S.K.: 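Dropping the structure in here first, questions after.
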Amino acid sequence: MTTEYDSGLERKKSLFPSISVNTLKIAGALLLTLYFFSAAVIQNGMLHVYQYSPAQLSELLAGDAEAMLWAGIGSVAEIIGMIAISIYAYLLVQGVEHTSSMGKYALSVLVFALISEVPYDLAVYGQVWNWDSQNTLWSVLIALVTLWMMKSAEGRGAVGYALSAVAALGGCLWSVLINCKFGWGFVLIASVLFLLRRRRAMSLIAGLGVSLIYVTAAMGFILISLCSGERRNGENRLGKYAYYVYYPLLLVLLALWVWMQRGASPAPGPV
């Protein structure tokens, strides 16, 4: 089934293989796992980076070759994992295009964002509650509401485009205000992809350009460009929600690992 995202486009034979939306979801999940492996297992669990000031951390790494090695591995894993940002922005646009109820969609994201917050803080900061940043699903929720508003403004000519721009700007500001992970950049990428979704080539070029704010996120457009827009037949409700459950479950497992590494007690906050 061809999505609206690809409507009006001529399908041509390509030397490159196409992938389904489901395959893209799996790729995104694997990349997100790599990112949080770095943030939780290496940075928080092994190096305890949030316990040190930048100067103290530099001194620690300079005097410990093993710590320096792990810091390098963590940095590479984090950089590769950030490819998931553009993939999830694209998937959100797909979700908005195919959902039968924006209200239920937003409520589902809200529920899982709330569920994920404490596991996120434990995994990334070693604390039950930390205000330094909020988990990535808050960025998804803000982007979803932004796209909802943009969709409502469609068909109004120049006024509609102006309202869409205001909605995108508002979404970016809100993400900065509550300091959610991937924040305004994720909202902006999703907004650009949504606004130009009926002009695939233009949307991919513009989205790639915007995603350069995260550098490696632009690499996600390699996979996105190969996505046929097709969904696996017979995907049931359980399979649909498995993608939602995976994120908080991953954070819970990482939080448990960090907790055990620290003697079953949360680490002190950043210096």
Side-chain angles (χ1 to χ4, degrees), residues 5 24-25 27-40 43 74-97 106 109-110 112-113 116-117 120-121 123-125 130-151 161 164-197 202-225 227 243 247 250-251:
Y5 189 96
L24 198 60
K25 288 180 179 180
L30 292 174
L31 289 164
L32 197 67
T33 300
L34 190 61
Y35 181 90
F36 280 105
F37 172 81
S38 170
Q43 296 181 45
S75 295
V76 171
E78 180 177 320
I79 290 170
I80 295 174
M82 291 177 76
I83 296 173
I85 297 173
S86 55
I87 291 175
Y88 277 107
Y90 172 85
L91 290 173
L92 181 63
V93 172
Q94 290 285 305
V96 169
E97 284 291 270
V109 176
L110 173 61
F112 282 100
S116 302
E117 190 57 36
Y120 171 82
D121 289 337
V124 176
Y125 299 107
N130 188 290
W131 286 101
D132 284 0
S133 70
Q134 318 313 316
N135 80 81
T136 55
L137 281 181
W138 292 109
S139 295
V140 175
L141 179 62
I142 292 172
L144 175 57
V145 173
T146 299
L147 301 191
W148 191 352
M149 295 172 68
M150 292 174 70
K151 192 169 188 177
Y161 284 112
S164 293
V166 170
L169 178 61
C172 290
L173 291 176
W174 267 107
S175 64
V176 172
L177 183 63
I178 69 171
N179 196 24
C180 44
K181 198 69 177 177
F182 302 149
W184 68 271
F186 179 86
V187 176
L188 185 59
I189 295 169
S191 298
V192 168
L193 290 176
F194 184 81
L195 185 65
L196 300 172
R197 67 192 183 281
M202 187 181 296
S203 72
L204 294 182
I205 293 171
L208 187 152
V210 173
S211 68
L212 287 173
I213 58 177
Y214 293 114
V215 185
T216 53
M219 295 176 65
F221 282 91
I222 297 173
L223 293 176
I224 293 170
S225 66
C227 184
Y243 293 109
Y247 178 66
L250 170 66
L251 293 176

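Nothing here was measured: the structure is a model prediction, and the numbers come from that model.
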S.K.: Decide yes or no for Ile79 and Val215: does some side-chain heavy atom of the first lie under 4.5 Å from some side-chain heavy atom of the second?
M.R.: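 When only atoms from C-beta onward are counted, Val215 and Ile79 do not touch, as no gap falls below 4.5 Å.
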S.K.: Could you report the tightest heavy-atom contact between Ile87 and Leu31, atom names first, then the distance?
M.R.: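 Smallest heavy-atom distance, with atoms named: CD1-CD1, 3.7 Å.
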S.K.: Please assess Leu30 against Leu34 for the test side-chain contact (heavy atoms from CB on, under 4.5 Å), listing each intermediate value before the final yes or no.
M.R.: CA-CA 6 Å; Leu30 292 174; Leu34 190 61; over 6 Å; no
S.K.: Would the distance check show the side chain of Asn130 and the main-chain N or O of Asp121 forming a donor-acceptor pair, the cut-off being under 3.5 Å?
M.R.: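 No: the side chain of Asn130 does not pair with the backbone of Asp121.
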S.K.: Taking side chain as C-beta onward, heavy atoms only, is Phe221 less than 4.5 Å from Leu193?
M.R.: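 Yes, close enough: below the 4.5 Å cut-off.
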S.K.: If I compare all heavy atoms of Ser38 with all of Ser75, which pair ends up nearest, and what's the gap?
M.R.: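 Smallest heavy-atom distance, with atoms named: OG-N, 4.4 Å.
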S.K.: Write down the atom of Thr146, the atom of Gly171, and the distance for their closest heavy-atom approach.
M.R.: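 That closest heavy-atom pairing would be OG1-CA, 3.5 Å.
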S.K.: Any idea which heavy atoms bring Ala27 and Leu223 closest together, and the distance?
M.R.: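 Answer, listing the atom of Ala27 first, then Leu223: CB-CD1, 4.0 Å.
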S.K.: Ignoring hydrogens and angles, tell me if any N or O in the side chain of Tyr90 forms a donor-acceptor pair with the backbone of Gly207 under 3.5 Å.
M.R.: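 No; judged by distance alone, with no hydrogens or angles, the pair does not exist.
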S.K.: Any chance you could measure Trp138, atom CH2, to Leu144, atom CG, to the nearest 0.5 Å?
M.R.: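 It comes to 12.5 Å.
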S.K.: Are Tyr88 and Thr136 linked by a side-chain donor-acceptor pair shorter than 3.5 Å?
M.R.: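 Side chains of Tyr88 and Thr136: no pair found under 3.5 Å.
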S.K.: To the closest 0.5 Å, what do you measure between OG (Ser203) and CG (Leu208)?
M.R.: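 Those atoms lie 10.5 Å apart.
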S.K.: In Å, rounded to the nearest 0.5 Å, how long is the span from CG of Leu32 to CG of Leu251?
M.R.: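 Between atom CG of Leu32 and atom CG of Leu251 there are 8.0 Å.
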S.K.: Less than 4.5 Å apart, any side-chain heavy atom of Tyr120 and any of Ser133?
M.R.: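 Yes, their side chains come closer than 4.5 Å.
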S.K.: If you take all heavy atoms of Leu137 and Ser116, which pair is closest and at what distance?
M.R.: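 Of all heavy-atom pairs spanning Leu137 and Ser116, the closest is CD1-OG, 3.8 Å.
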S.K.: Filter on side chain to side chain donor-acceptor pair (under 3.5 Å), then keep only pairs touching residues 174-193, sequence neighbours left out; what's left?
M.R.: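 Only Tyr35-Lys181 qualify under side chain to side chain donor-acceptor pair (under 3.5 Å).
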S.K.: Working to the nearest 0.5 Å, report the span between CD1 of Ile213 and CD1 of Ile189.
M.R.: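 If I round to the nearest 0.5 Å, the distance is 5.0 Å.
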S.K.: Within this structure, what is the CG-CD distance for the pair Leu92 and Glu97, rounded to the nearest 0.5 Å?
M.R.: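 Here the rounded value is 10.5 Å.
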S.K.: Listing request: all side chain to side chain donor-acceptor pair (under 3.5 Å) pairs with a residue in residues 206-220, at least two apart in sequence or in separate chains.
M.R.: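 Passing the test, one end in residues 206-220: no pairs.
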S.K.: Of the non-hydrogen atoms in Phe186 and Val140, which two are nearest, and what is the gap between them?
M.R.: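 Looking at all heavy atoms of both residues, the closest pair is CE2-CA, 3.8 Å.
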S.K.: Is the shortest side-chain heavy-atom distance between Val96 and Trp148 below 4.5 Å?
M.R.: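 They are not in contact (no side-chain heavy atoms under 4.5 Å apart), so the answer is no.
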S.K.: Kindly compute the distance separating CG (Leu177) from CD1 (Ile142), expressed to the nearest 0.5 Å.
M.R.: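 Between atom CG of Leu177 and atom CD1 of Ile142 there are 8.5 Å.
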S.K.: Hey, could you give me each pair passing side chain to side chain donor-acceptor pair (under 3.5 Å) that has a residue in residues 76-86? Not counting sequence neighbours.
M.R.: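 Non-adjacent pairs meeting side chain to side chain donor-acceptor pair (under 3.5 Å): Gln43-Glu78.
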